[in-house]
Amino acid sequence: MRLINPQGKERKREMTLLRKNLGAAGEQRYYIYFHEPADVKGTAFMVWKYPAREDDRWIFIPAIKLVRRIAADDKRSSFVGSDFTYEDVSGRDAADETHSLVGEETLDGRPVFKIESLPKAKVDYARRLSWIDRERGLPLKEEYYDVRAELLRTFTTDEVREVDGHWTATRRTMHNAQSGHRTEVVFDEVSYGVGLGEELFSERYLQRPPRQWIR
Amino acid sequence: MRPFFFGLLYTLTWSASTPINAADWQPEMHGFLQAHGASRMGGVECPAQTACDWPYNEQRFQLKLEGSGLEVSLGYAAKLDLVNDAALGDSDLDTRELYVDYNTERFTVRAGRQVVTWGVADLLFINDTFPKDWVAFFDGLPLEYLKLGSDALRIELFPEFADLQVMLADFRKDSLPDRDRFILPGPAISADLDEPSELEASLRASRYFGSWDGAIYLSRTHYSAPALSQIAGQWHGEFPRLNAYGASLSGPLWNGVLSLEAGYYDSVEDRNGTDHAVENSQTRFFVAYSRQIAEDTTLGIQGYAEWMYDYDAYRRALPAGMPERDELRTVATFRFTQFHLHQTLRLSLFAFWGGSEGDGYLIPSVRYAFSDDLWGEVGANLFVGDRNGQFGALGDNDNIYATLRYAF
């Protein structure tokens, strides 16, 4: 993950993200381990994500070997200072917005649905437009607008690869139109169905990262 | 470190029959260069032996090595600090951490010098009886320096019903404010300290209850501050025996986090409260709530209480002229944290308020990350209120501090 300010100055975050979906209801577990920068190496986040209520979230701070539950609103919290919120990383609950199809068109040669989504509760945007690849089911672009219809942020999928039979956005960018700051994410390695156990998403593995998955 | 631990290190390292591939064992190397200074505020006059204007002025180089082998079932880590203490004219090699790990599916073992943090409170400690460095804390060193490593063997077991941690550790006393850097009330006392030689034992059992984290704690340990007594005109200090039993619970409430922790301190050597030098038994309790109140802004509040048992016996035993402590000591804390500029700028205020003692301790700070490698922080440690209170007693030690760290 590269965080780039309007002057072009870069900061870099390198991490491993493990995710497990639990059942069809949308419950998920996340484990995020930071390899870089050196000063935060070993820091790990764990999220238990629920479809209809606030997520449970923990952080492990290696310098004092402390696991702490953190209070954060995933809709408003920047993920490690990037232009992505926690919710952008872990996915938004479809029921949090009302959606309407506003058109079918092509974007960069791909057939897409253009969808307008309006959040039900008050969040930092008032309207979102998404361009979803009709065949691959991936968002190729999203635009977030405020109540005055001014563009806040733009998400773009910059590279798509098929990995283990799943179409995957392996390069993506979130650009903050107001500040000029942007964040680029590149997935170097992606695997699906590798058999992550549910027990990985626990305090035990925050304290000692599962080296089988995190090298 | 005791021979016991060396024996164990040896056994863990060499008992494996698999041939060792040297490439697996290559360490990853990181560390930092750090400068930290704290300047005393308020034009206070100091005794001759006290570092007065700059109670802290140090440069530190930390080397951090980590590695693993035997398909990651064995691991090791070292954190070594080379410190130039310009305030006291001293330099030192400080072994912050040095341990080996042995990991299996059902249990893990960590042996050597290691930092352990238990409990759910924020800068208040009930069931975490492990050693702390309050000198570093009161002079604004980064938070990690509040915790001292224990020379310990830690075994973790993972049965179905709970995660169990067992710690067997050498006693290590807290680093408490001394007259090298601090101006303290009362006469200077020089005492011989007698440190306990038996092993400390602590157990933590923890599990999830849905979205809640629950834990119980048992410790057979010693008070980490000495009890001083005078024998034939000579001051002598011992670290009295302490048994601590407690529990904690932490979970979600109204889009925030609620935490509760309680502990009973059984002061084994003064169970009837008649020895004024030794702490009476106590019950300690706290409740905390933290919540994000706006984008990148978090607020946390805590209420803490310490109930002293056998208070009448304590009062009867207290020598004339010594300040009397309250039966119920209460402390409230407040934490405000706000990030700006894509979390490169952090504004923070932590405040302790001693409700029963009428004193307080404020720690405002600003930290800025110039890049991924370089950050700087300026802040202050301000002690206010009644000079008989635990924070107020440090009233001549207000300081502003600055830290600059380059990490690699």
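Each chain gets a letter, A, B and so on, in the order its sequence line appears, and its residues count up from 1.
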May I ask you to check whether A/F79 and A/F84 place their ring centers less than 6.0 Å from one another? no

Top contributor to chain B interface from A/E36, A/E199, A/K65, A/R53 [non-hydrogen pairs under 4.5 Å]: A/K65

Taking 4.0 angstrom as the limit, do A/D88 and A/R153 come out as a salt bridge? yes

Quick test of your reading of the model: are A/E184 and A/R2 salt-bridged, counting only N-O distances below 4.0 Å? yes

Any Lys/Arg nitrogen of B/E156 or B/R110 sitting under 4.0 Å from an Asp/Glu carboxylate oxygen of the other? no

Part of A/K12 within contact of chain B (heavy atom distance under 4.5 Å): both

Given salt bridge (charged side-chain N to carboxylate O under 4.0 Å, His left out), test B/D163 with A/R204 step by step and report yes or no. CA-CA 8 Å; B/D163 287 0; A/R204 170 185 177 180; over 6 Å; no

Aromatic B/F209 / basic B/R207 pairing, under 6.0 angstrom, 45° off normal: yes

Proximity breakdown for B/L374 and chain A, heavy-atom pairs closer than 4.5 Å: neither

Inspect the contact between B/R113 and B/D151 and indicate whether a charged nitrogen and a carboxylate oxygen are less than 4.0 angstrom apart. yes

Picking from B/V257, B/D296, B/L146, which has the most non-hydrogen pairs under 4.5 angstrom with chain A? B/V257

At a heavy-atom distance under 4.5 Å, which candidate from B/S211, B/G31, B/G256 has the highest pair count against chain A? B/S211

May I ask you to decide if the ring planes of B/W134 and B/F137 are parallel, tilted or perpendicular, using 30° and 60° as cut-offs? perpendicular

Closest contact, heavy atoms only, A/F201 versus A/R19: CZ-C, 4.2 Å

Counting only heavy atoms closer than 4.5 Å, note whether B/D122 contacts chain A via side chain, backbone, both or neither. both

Contact origin within B/Q114 toward chain A - heavy atom pairs under 4.5 Å: neither

Please classify the contact of B/L143 with chain A as side chain, backbone, both or neither, using a heavy-atom distance under 4.5 Å. both

Under 4.5 Å from a heavy atom of chain B, the part of A/L3 involved: neither

Measure A/S202 against the heavy atoms of chain B and call it side chain, backbone, both or neither at under 4.5 Å. both

Please state whether the side chain, the backbone, both or neither of B/Y208 comes within less than 4.5 Å of a heavy atom of chain A. side chain

Tell me which of these, A/V80, A/N5, A/T85, A/D124, has more heavy-atom pairs under 4.5 Å with chain B than the rest. A/V80

Just do the salt bridge (charged side-chain N to carboxylate O under 4.0 Å, His left out) check on A/D56 and A/R69 with the steps written out, would you? CA-CA 8 Å; A/D56 291 317; A/R69 185 180 273 272; 3.2 Å; yes

From the list A/A38, A/A71, A/S77, the residue making the most non-hydrogen contacts under 4.5 Å with chain B is A/A71

Sort B/A121 into side chain, backbone, both or neither according to what part of it lies under 4.5 angstrom from a heavy atom of chain A. backbone

Please look at B/W118 and chain A and tell me whether the side chain, the backbone, both or neither of the residue comes under 4.5 angstrom of a heavy atom of that chain. neither

Assess A/K41 against A/F34: is NZ or CZ under 6.0 Å from the centre of the six-membered ring, and within 45 degrees of the ring's axis? no

Which region of A/R68, side chain (C-beta onward) or backbone (N, CA, C, O), has a non-hydrogen atom less than 4.5 Å from a non-hydrogen atom of chain B, or is it both or neither? side chain

Against chain A, label B/R405 side chain, backbone, both or neither, depending on which of its atoms sit under 4.5 Å from a heavy atom there. side chain

Chain B contact via A/R57 - which portion, at a heavy-atom distance below 4.5 Å: neither

Salt bridge check, A/R29 against A/E198: does any charged N sit closer than 4.0 Å to a carboxylate O? yes

Whether A/K114 and A/E116 form a salt bridge (side-chain N of Lys/Arg under 4.0 Å from carboxylate O of Asp/Glu) is what I want to check. no

Check whether A/E203 gets within reach of chain B through its side chain, its backbone, both or neither, counting any heavy atom under 4.5 Å. both

Toward chain A, the part of B/F339 with a non-hydrogen atom under 4.5 Å: neither

Using non-hydrogen atoms and a 4.5 Å limit, figure out which bit of B/W254 sits close to chain A: side chain, backbone, both or neither. neither

Side chain, backbone, both or neither: which part of B/V115 has a heavy atom under 4.5 Å from chain A? both

Heavy-atom cut-off 4.5 Å, strictly under: side chain, backbone, both or neither for B/Y145 against chain A? neither

Against chain B, work out which of A/K9, A/E54, A/R11 has the most heavy-atom pairs shorter than 4.5 Å and name it. A/R11

Please determine whether a side-chain nitrogen of the Lys or Arg among B/D101 and A/R208 lies less than 4.0 Å from a carboxylate oxygen of the Asp or Glu. yes

